[in-house]
Structure formats: C-alpha cells, structure tokens
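As structure tokens, the structure follows; a few thoughts come after it.
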Protein chains: 2
Amino acid sequence: MSEVVKKKSLTAEDWQEAALNVIAHQGVGAVAVEPLARELGVTKGSFYWHFSNRMDLVKQSLKKWRLGDKKLVEETILTIKNPKKRLLAWFKLSAEPIQTHLIYSTLLADRSHTLISKILKEITLERLGHLQQSYREMGFDEKFAKAQSLLAYSVYVGFLHMSKTLYGSLPDSKKAEEYAKFVSKQLLS
Amino acid sequence: MSEVVKKKSLTAEDWQEAALNVIAHQGVGAVAVEPLARELGVTKGSFYWHFSNRMDLVKQSLKKWRLGDKKLVEETILTIKNPKKRLLAWFKLSAEPIQTHLIYSTLLADRSHTLISKILKEITLERLGHLQQSYREMGFDEKFAKAQSLLAYSVYVGFLHMSKTLYGSLPDSKKAEEYAKFVSKQLLS
DNA sequence: GTAATACCATACGCCACAGTATGGAGTGCT
DNA sequence: AGCACTCCATACTGTGGCGTATGGTATTAC
C-alpha cells in the first residue's frame with residue numbers, strides 16, 4: 001500500500017505547489033484557476049476560499065519557491081568554508097536536475113509583471129554576490145571577481161536554457177558532472 | 001516633413017513585424033489578433049485576409065526572423081577568414097542591442113508549441129556548429145572545441161538574460177564592448 | 001467604363017477563464 | 001443535540017479573444 005493519504009481537503013500549499021509546477025514547465029502566464037482546479041480534482045470554489053485572486057496565488061507561490069531556493073543554497077553551498085570548493089559545489093548544484101532551476105529559467109523570460117522582475121533582480125544580485133565573494137576569498141581583486149562572477153553566472157543561466165533547448169529538459173546527473181568539471185577547469189583556475 | 005508614407009493598406013510583412021515586436025518583448029503567448037489590429041489601426045477583418053489564423057502569423061513571423069538572423073550572421077561573422085577574429089566578432093555581436101537577441105532569448109523559455117522548440121533547436125545547433133568550427137580552426141582538438149563552444153554559447157545566452165534582468169533591457173554599446181573584451185580574454189586564449 | 005480583385009469594416013457566435021454569490025456537507029466543540 | 005466554522009460545489013455575470021460570414025470601397029486591368 002502506498003503512503004499516499006487520501007486528503008479530505010486541500011491546503012494553500014497544495015495549490016502553490018501545483019502552481020509552481022505549471023510555472024516550471026509553462027510559465028506564469030499558464031497559471032489559470034480553473035485548469036488548476038480540474039487538475040486537483042476540485043472546483044474553483046475551493047480556490048477562492050484559499051486565495052483572493054489569481055495574482056495572489058502567483059505571489060505566494062513565488063514566495064514559497066524563493067524561500068525554498070534560498071534555504072537550499074544556504075545549506076548546501078554557503079556552509080562550505082573553502083571558497084574554491086564552494087564555487088565547485090555551486091557549479092555542480094547548477095547542473096542538478098531540480099525544479100528550482102526550471103522555475104528560475106522560466107521566469108527569466110517573463111516580463112509580464114513588475115513583481116516578477118523585482119524578484120528576479122533580487123535573486124540574481126544575491127547569487128552574483130555569493131559568487132563574487134567566493135572569487136574574492138580566493139584572492140582575486142575586486143574588478144576581476146566582479147567580471148568573473150558575472151561570466152560564471154551567465155554560464156549557469158545559459159546552460160539551463162541550452163539543456164532545455166537541446167535535450168528537452170534538464171541535464172541528467174552524468175552530464176551535470178561533466179559540465180561542472182569542465183566549467184570548473186575554465187572558470188576556476 | 002518626415003519620410004513616413006501614409007500607406008493605404010497593410011502587407012503581410014507589416015503584421016509580421018508587429019508580431020515580432022510583441023514576441024521580443026512579451027513572448028509568443030502575447031501575440032493576439034485583435035490587440036495587434038488595434039495597434040495597427042485596423043480591424044481583424046484585415047488580419048484574416050492576410051493570414052489563415054493566429055498560429056499562421058506566428059509561424060511566418062518566426063520564419064522571417066530566422067531568415068534575417070541567418071543573413072546577419074552570414075554577412076558579419078562567417079565572412080571573416082581568421083577564426084580567432086571571427087569568434088571575437090561573434091562575441092561582440094552577441095552583446096549588441098538588437099532585436100534578434102531579444103526574440104531568441106524570449107523564445108528560449110517558451111515551450112508552448114513544438115514548432116518553437118524545433119526552430120530553437122535548429123538555430124542553436126547551427127550556431128554551436130559555427131563556434132565549434134572556429135575553435136577547431138584555431139587548432140583545438142574536437143573534444144575541447146565542442147565543450148568550449150557549448151560554454152561560450154552558454155555565456156551568450158546567459159548574458160542576454162542577465163542584461164534583461166539587471167538592466168531591464170539589452171546592454172548598451174559600451175557594456176557590449178567591455179563584455180566582449182572580458183569574454184574574449186577568458187574564452188579565447 | 002466596367003468588371004475583377006485587393007483590402008478592410010461590421011457583426012455575429014463561440015469558448016475559456018476571472019471573479020462573485022450562495023448554499024450545503026462535513027467536522028469539531030460544547 | 002446544536003452550533004459554528006471549514007472547505008467546497010453550483011450557478012451565475014462579465015470580459016476578451018478566436019474565427020466566420022458578409023458586405024463595402026478603392027484600386028487595377030482591360
């Protein structure tokens with residue numbers, strides 16, 4: 001018997017996860033109330049009890065995603081003391097086939113709402129800061145660290161899109177390994 | 001008096017250009033018949049004389065874009081004999097603030113139609129081929145040329161998105177210069 | 001000058017989804 | 001048992017865009 005428990009009622013989080021799944025694969029524009037309700041096996045009567053409107057769902061979903069992503073980075077990357085190893089771990093995580101990357105790369109081309117642009121800018125600057133910090137700790141000067149971190153982050157973003165374009169999805173673990181290895185050699189020596 | 005000639009009637013190309021403009025800034029999903037007609041100062045009676053339906057317009061617009069982009073690359077990049085100079089020109093063109101980049105980067109996150117995925121895959125592979133060829137001509141072995149071209153192309157794609165995210169638009173010519181210079185140093189030596 | 005053709009306006013039916021209003025089943029509390 | 005609260009179904013209105021049908025005007029061909 002599976003561990004799937006037949007829930008009597010949905011929570012706001014259930015809706016958010018469903019929404020994030022749609023965002024990851026079809027973008028924010030594809031988040032629609034009625035289709036989501038159908039998918040979840042309820043009607044929109046349920047939706048409008050949990051959320052005030054469509055944008056409310058999008059907002060809360062992205063907030064949830066942002067928190068989860070931040071936590072992931074903090075726990076698996078920022079805890080590493082050695083800057084070079086930290087960067088290496090970042091490159092490797094960058095190629096891991098996980099949903100958070102899909103969401104990020106989908107949002108990147110979405111200019112439908114200022115909220116999204118704002119979130120994106122925040123996240124991007126935050127991550128660039130981490131990279132730059134690591135490069136600085138490795139001994140590089142400010143200017144180089146800045147340029148190099150921008151370059152490295154561009155590689156990350158670009159690789160995400162390339163993977164989706166060429167393979168239809170995110171790279172598998174094997175490719176992630178190769179990628180991290182090559183990138184490290186080119187951007188970390 | 002301006003050289004704008006008051007046209008009596010629209011051509012299919014007029015519609016395509018308007019559509020490409022929308023695609024560049026809001027994505028394929030935002031291409032709608034009636035809003036476009038309003039923008040062009042006509043009604044959809046005009047549209048359905050030139051095109052059979054919405055998707056027909058999208059298809060033909062992307063075809064037009066593809067041809068133009070191909071011509072641009074062939075004329076400004078592929079004519080350069082020296083492989084190193086050719087790559088340098090490519091990096092520089094990559095950061096130029098022109099519409100074709102916007103369209104490409106917008107399409108990259110759009111998985112709404114198999115046609116788009118198909119076009120993207122074609123273009124991407126074609127461009128990767130050019131880069132790989134250049135690296136090979138520079139004397140690098142097959143394997144390195146392949147990995148390095150993927151890296152370089154990732155940088156291109158990533159930089160496009162970064163520019164839109166951080167500055168709200170494409171980089172200006174000055175930033176393009178700096179970018180090309182730094183990238184060249186890192187990926188071309 | 002007349003007929004054909006190119007181009008467009010108007011008006012229509014259709015559908016998908018947003019949001020509201022309201023009632024009703026289930027659950028826990030007392 | 002009775003009440004309140006949680007969660008959802010149903011039924012509605014409103015809006016925006018797709019595609020069609022049809023008629024009208026200007027241009028071109030002859």
Side-chain angles (χ1 to χ4, degrees), chain A residues 4-64 106-107 110-116, chain B residues 4-64 106-107 110-116:
Chain A
V4 175
V5 181
K6 207 156 203 168
K7 301 180 65 173
K8 294 187 204 98
S9 60
L10 295 177
T11 67
E13 280 228 327
D14 292 328
W15 285 94
Q16 288 164 21
E17 282 171 14
L20 285 177
N21 204 41
V22 171
I23 292 175
H25 293 90
Q26 288 136 284
V28 177
V31 175
V33 178
E34 281 166 316
L36 266 183
R38 280 194 291 273
E39 191 183 315
L40 290 173
V42 293
T43 67
K44 57 183 178 176
S46 168
F47 177 86
Y48 285 99
W49 192 90
H50 291 286
F51 304 90
S52 59
N53 53 35
R54 197 193 84 103
M55 206 55 206
D56 184 30
L57 169 65
V58 172
K59 276 187 192 173
Q60 289 189 226
S61 300
L62 291 181
K63 192 172 180 181
K64 174 183 163 71
T106 303
L107 291 180
D110 198 312
R111 322 217 74 62
S112 63
H113 203 281
T114 52
L115 169 75
I116 298 175
Chain B
V4 175
V5 181
K6 207 156 203 170
K7 301 181 65 172
K8 295 187 204 95
S9 61
L10 295 175
T11 66
E13 280 227 327
D14 293 328
W15 284 95
Q16 289 163 21
E17 282 171 16
L20 286 177
N21 204 40
V22 172
I23 292 175
H25 293 89
Q26 288 136 284
V28 177
V31 176
V33 177
E34 282 165 317
L36 267 183
R38 278 194 289 274
E39 192 182 315
L40 290 173
V42 292
T43 67
K44 56 183 178 176
S46 167
F47 177 85
Y48 286 99
W49 191 90
H50 291 287
F51 304 91
S52 59
N53 52 36
R54 198 194 83 105
M55 205 55 207
D56 184 30
L57 169 65
V58 172
K59 275 187 193 174
Q60 289 188 227
S61 299
L62 291 181
K63 193 173 179 180
K64 174 183 163 69
T106 303
L107 291 179
D110 198 313
R111 323 218 74 61
S112 62
H113 203 281
T114 52
L115 169 75
I116 298 174

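In what follows, chains are A, B, ... by sequence order, proteins preceding strands, each numbered from 1.
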_Would you say NZ of A:Lys64 has more than 12 non-hydrogen atoms from neighbouring residues, nucleotides or ligands within 6.0 angstrom?_
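Buried by this count: over 12 neighbours within 6.0 Å.
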Taking only the side-chain heavy atoms of [X] (C-beta and beyond), determine which of [options] contains the nearest atom.
X       : options                : value
B:Val42 : C:dA9, D:dC18, D:dC7   : C:dA9
B:Asn53 : C:dG19, D:dG19, D:dC8  : D:dG19
A:Tyr48 : C:dG19, D:dG17, C:dC17 : C:dG19
A:Ser46 : D:dG19, D:dG17, D:dC8  : D:dC8

When the distance from [atom1] of [X] to [atom2] of [N] is rounded to whole Å, what number comes out?
X       : N      : atom1 : atom2 : result
B:Arg54 : D:dG16 : CZ    : P     : 18 Å
B:Asp56 : D:dC18 : CG    : P     : 14 Å
B:Leu36 : C:dC8  : CG    : P     : 14 Å
B:Phe51 : D:dG19 : CZ    : P     : 13 Å
A:Arg38 : C:dA18 : CZ    : P     : 9 Å
A:Phe47 : D:dA11 : CZ    : P     : 21 Å
B:Trp49 : D:dC18 : CH2   : P     : 20 Å
A:Leu10 : C:dG26 : CG    : C1'   : 15 Å

*With distance as the sole criterion, do the side chain of A:Lys44 and the base of C:dA18 form a donor-acceptor contact below 3.5 Å?*
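When only heavy-atom distances are counted, A:Lys44 does reach the base of C:dA18 through a donor-acceptor pair under 3.5 Å.
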*Atom pair CG (A:Leu62) and CG (A:Leu115), whose distance is rounded to the nearest 0.5 Å*: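 Rounded to the nearest 0.5 Å, the CG-CG separation comes to 6.5 Å.
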*Closest-nucleotide 5' rank along DNA chain C - winner of A:Gly45 and A:Val33*: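 By nearest-heavy-atom nucleotide position, the 5'-most residue is A:Val33.
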So, does [X] use its side chain to make a donor-acceptor pair with the main chain of [Y] at under 3.5 Å?
X        : Y       : answer
A:Asp14  : A:Leu10 : no
B:Arg54  : B:Val33 : no
A:His113 : A:Val28 : no

*Are OP1 or OP2 of C:dA6 and a side-chain N or O of B:His50 less than 4.0 angstrom apart?*
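Looking at the OP1 and OP2 atoms of C:dA6, neither is under 4.0 Å from any side-chain N or O of B:His50.
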